[in-house]
2 protein chains.
Amino acid sequence: MSDAASRRITQRDIARLAGVSQTTVSLVLNNRPGDETRIPRETRDRVLSVIRETGYVADPVARRLADRHNRILGVFTYEPVFPSATADFYHPFLVGIEECAERLGCDLLLLTSVPVIDGRRRIYHEANRLRLADGCVLLGRSLDRDELARLVSENFPFVSVGRRDDAGGPVPYVGTAYGPAVRALVERARALGHTRLAYLGHGEGAESLADRMVGFREGAGDLPVRHVRPTAGGPAEWLDALEGVTVVFAEEYADAVALVDEAFGRGLSVPADLSIVTLGDPTRPARTDIDFTGFRIPRREMGRQAIQVLTRLLEGGPLVQRLLPCELVVGSTLSGPAA
Amino acid sequence: MSDAASRRITQRDIARLAGVSQTTVSLVLNNRPGDETRIPRETRDRVLSVIRETGYVADPVARRLADRHNRILGVFTYEPVFPSATADFYHPFLVGIEECAERLGCDLLLLTSVPVIDGRRRIYHEANRLRLADGCVLLGRSLDRDELARLVSENFPFVSVGRRDDAGGPVPYVGTAYGPAVRALVERARALGHTRLAYLGHGEGAESLADRMVGFREGAGDLPVRHVRPTAGGPAEWLDALEGVTVVFAEEYADAVALVDEAFGRGLSVPADLSIVTLGDPTRPARTDIDFTGFRIPRREMGRQAIQVLTRLLEGGPLVQRLLPCELVVGSTLSGPAA
DNA sequence: GCCGATCGCTAATTCGTATTAGCACCCTTG
DNA sequence: CAAGGGTGCTAATACGAATTAGCGATCGGC
């Protein structure tokens, strides 16, 4: 393949052709105007014209090895991205990440090679290539606590997309302000007259889930609330468990869809008999024509800001922890309770 | 930031701790069982246990510099990906690419940093980082002829997603078999009784457009055809130009949507008054509830196969040129012409 | 006409890993 | 006991660019 014949051009080649040393070539390429060791115009032009003729471009690998950074940012996704169910959920984050990286002139290294172990991807493994990047963005609902701690202790610059608090040290993140969003929706339901509320979801574990639950409880205040876990059977069981409830807040969009289908199947009407509020975008595929009341996660903006925060961090800036507000969706699945 | 204190661990450190030389560490890490220079079990175990304790992982950059390849594949998109209009079109390719890369244990380098010059991205520029990858996949409707030729002449391994014939040499690609797909649709229209056909689109320039036109003409045979170029005004002008035509084949999905909207606005019905066939997926955002007759580009599969072809190429395999069949969509916008 | 200060450039080293050549030792064998 | 052949390891070097230290030549000042 890459025979001697097709060897790529190096600074040595340029140097030889221009009749100077490799050092000079490097200096011509790197000395910003106004630097101390300057090369006279004539020499500089000679070198530059050889570079232009040959079409030389510096080997980014060698460059990286020598000066300890390139403009490459890693993107690591914890959950396995395939089958593409979750891919759809993560795509908007990626779009925001790409958009910002493009603006900043950075390339992205998608760490797709990572092996899946116990249903979860691992950063640290035999052929870890994370360090090829200057820093990285971590995506995923639940990051591995130990790996996070290790990144922190090794001083590797990273930013988590999603709040993270369990790394035995402060973790830079750009997350979602679930609490206020859920709380606002609960308060709206109460303002409409609801008093029998339920939460459908885990409400614990990952920060994103716990944060929703906190908002839910804050909004509910003194009202008694019911907590239905999606692990307990399917939509039929959930709906049974919701007997007497007038409004349910569904952590997972796809669960809301399943619940509505079940309700329709029993001849119930939404929102007349039961109001349903969604607390985020589908992380599992969900087909529906219904315009749910709830909120959207500002995924694209989160991606954008994660890259911003990361690059600032790389420039020696402060460790940032930031929560972005959700966009409320009015929808048609929340109304006052039936009399 | 990366002070001496937080310097990352190297093979030298491991060597010192294990009381051996750096060479030995490298050998322990790289000697596959059954190699000639073998390290006795005792030494090997000692080194490995130090590695385990320290959590050492090899620096992928240095590795790459030394042995001339890593498992990183570049992904280059010619059209600017933002605003996200086009991002939606390219996403399925990426999903296929990622899926296959994951299976093969490769990481992906998204060349997002590329500057946009004259509305088009350029591979070759000052800080080109393409060569960090072992090879790359090129996406985009129209690739730059000169850059393609240069890649070929520099012997850089790449695969184009989409047929490409203008590089002054054979270009490996995984493309779409537009010709047969368009031809099949035209033949179906003729079988339904249509004799007054029109093509709405450029029909030339990029291979993907020219290939559609070839299929269209083959299908039309001796029938006279009308060619309406989308550059000539908007939907109103197009529809005027389609006077007397009973079926129109729209190169661009979004144009078909605009055309239908215009037709409805004039009280025409589709397909009763005018059949409309789409020739691919929207490259521009298009909102519609209509179930168009036409075909889908096997984008995900193209992405998958592009990576396969690329990796084979990297292993010294042959230069592959392959066209994938389209998936025909029956839809509801093609029927026999009105009497 | 000598000293010191530029100017213009280069040799040498560094980054971390892979690889090649080969050294020192022990173990046979004749 | 010398020659021959492993075994177990290491020194040296390569990869390609960036950077530091510094050399030789020219120039200015007195």
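In this text the structure is predicted, and so the values were computed from the model without any measurement. In what follows, every chain begins at residue 1, and chains take the letters A, B, ... in the order their sequences are listed.
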Notebook entry, point to check: From D:dA17, C:dT17, D:dT20, pick the nucleotide closest to the side chain of A:T23?
Noted result: D:dT20

Margin query: Under a plain distance cut-off of 3.5 Å, with no hydrogens placed, do A:S26 and A:T23 share a side-chain donor-acceptor pair?
Written below: no

Note to self: Strictly below 4.0 Å: does A:Y56 bring a side-chain N or O up to OP1 or OP2 of D:dG16?
What the structure shows: no

Note to self: Starting the side chain at C-beta, find the nucleotide from D:dA18, D:dA17, C:dG16 nearest to A:D67.
What the structure shows: D:dA18

Check: In degrees, rounded to 10°, what is the bend between the two ends of the helix from C:dG1-D:dC30 to C:dG30-D:dC1, using five pairs at each?
Finding: 60°

Margin query: From CZ of B:R16 over to C1' of C:dG16, roughly how many Å is that when rounded to an integer?
Written below: 15 Å

Next item on the list: Would you indicate, yes or no, if C:dT10 has its OP1 or OP2 atom less than 4.0 angstrom from a side-chain nitrogen or oxygen of A:T24?
Entry: yes

Next item on the list: Answer with base, sugar-phosphate or nothing: what part of the nucleic acid does A:V61 contact at a heavy-atom distance below 4.0 Å?
Entry: nothing

Notebook entry, point to check: Do the charged groups of A:E301 and A:R304 touch, with an N to O distance under 4.0 Å?
Noted result: yes

Checklist line | Phosphate OP1/OP2 of D:dA11: any B:Q22 side-chain N/O under 4.0 Å | finding: no

Notebook entry, point to check: Considering residues at least two apart in sequence or located in another chain, which fulfil the side-chain contact (heavy atoms from CB on, under 4.5 Å) criterion with A:S208?
Noted result: A:R141, A:Y178, A:A206, A:R212

Item checked: Residue B:T10, side-chain heavy atoms: nucleotide from C:dA12, C:dG16, C:dT20 that is nearest -> C:dG16

Item checked: B:S21 side-chain N/O to D:dT10 phosphate OP1/OP2 under 4.0 Å -> yes

Notebook entry, point to check: In whole Å, what is the span from the CD1 atom of B:I14 to the P atom of C:dT17?
Noted result: 9 Å

Check: According to a strict under-4.0 Å criterion, is A:T43 in side-chain N/O contact with OP1 or OP2 of C:dC9?
Finding: yes

Notebook entry, point to check: Considering only side-chain heavy atoms of A:L65, which listed nucleotide, D:dA18, C:dT17, C:dC15, is closest?
Noted result: C:dC15

Check: Nearest-Å distance, CG (A:D45) to P (C:dG8)?
Finding: 14 Å

Notebook entry, point to check: Taking the side chain of B:A66 as heavy atoms from C-beta outward, which of D:dC15, C:dT10, D:dA12 is closest to it?
Noted result: D:dC15

Next item on the list: Could you check whether B:V20 gets within reach of a base, just the sugar-phosphate, or nothing at all, counting any heavy atom under 4.0 Å?
Entry: sugar-phosphate

Next item on the list: Examine the base of C:dT19 for any acceptor or donor lying under 3.5 Å from a partner atom in the side chain of B:S26, and report the outcome as yes or no.
Entry: no

Margin query: Without decimals, in angstroms, what is the distance between A:L27 CG and C:dA11 C1'?
Written below: 13 Å

Check: What residues, two or more places apart in sequence or in another chain, satisfy salt bridge (charged side-chain N to carboxylate O under 4.0 Å, His left out) together with B:D165?
Finding: B:R163

Margin query: How many whole angstroms separate atom CD of B:E42 from atom P of D:dT7?
Written below: 17 Å

Notebook entry, point to check: Which atom names give the shortest non-hydrogen contact between B:A18 and B:V50, and what distance separates them?
Noted result: CB-CG2, 3.9 Å

Next item on the list: Describe, in one word, how the ring planes of A:F89 and A:F93 are oriented to each other, choosing from parallel (under 30°), tilted (30 to 60°) and perpendicular (over 60°).
Entry: perpendicular

Next item on the list: Please determine if A:E315 and A:R312 form a salt bridge, counting it only when a charged side-chain N lies under 4.0 Å from a carboxylate O.
Entry: no

Next item on the list: Write down the distance between CZ (A:R12) and P (D:dA14), rounded to a whole number of angstrom.
Entry: 9 Å

Checklist line | Whole-Å distance separating the CZ atom of B:R64 from the P atom of C:dT19 | finding: 14 Å

Checklist line | A:T112 side-chain N/O to B:E99 backbone N/O, donor-acceptor pair under 3.5 Å | finding: no

Margin query: Output the rounded distance in Å from CG (B:N30) to P (C:dA18).
Written below: 4 Å

Check: Counting just side-chain N and O atoms, does A:R63 come under 4.0 Å of either OP1 or OP2 of D:dA18?
Finding: yes

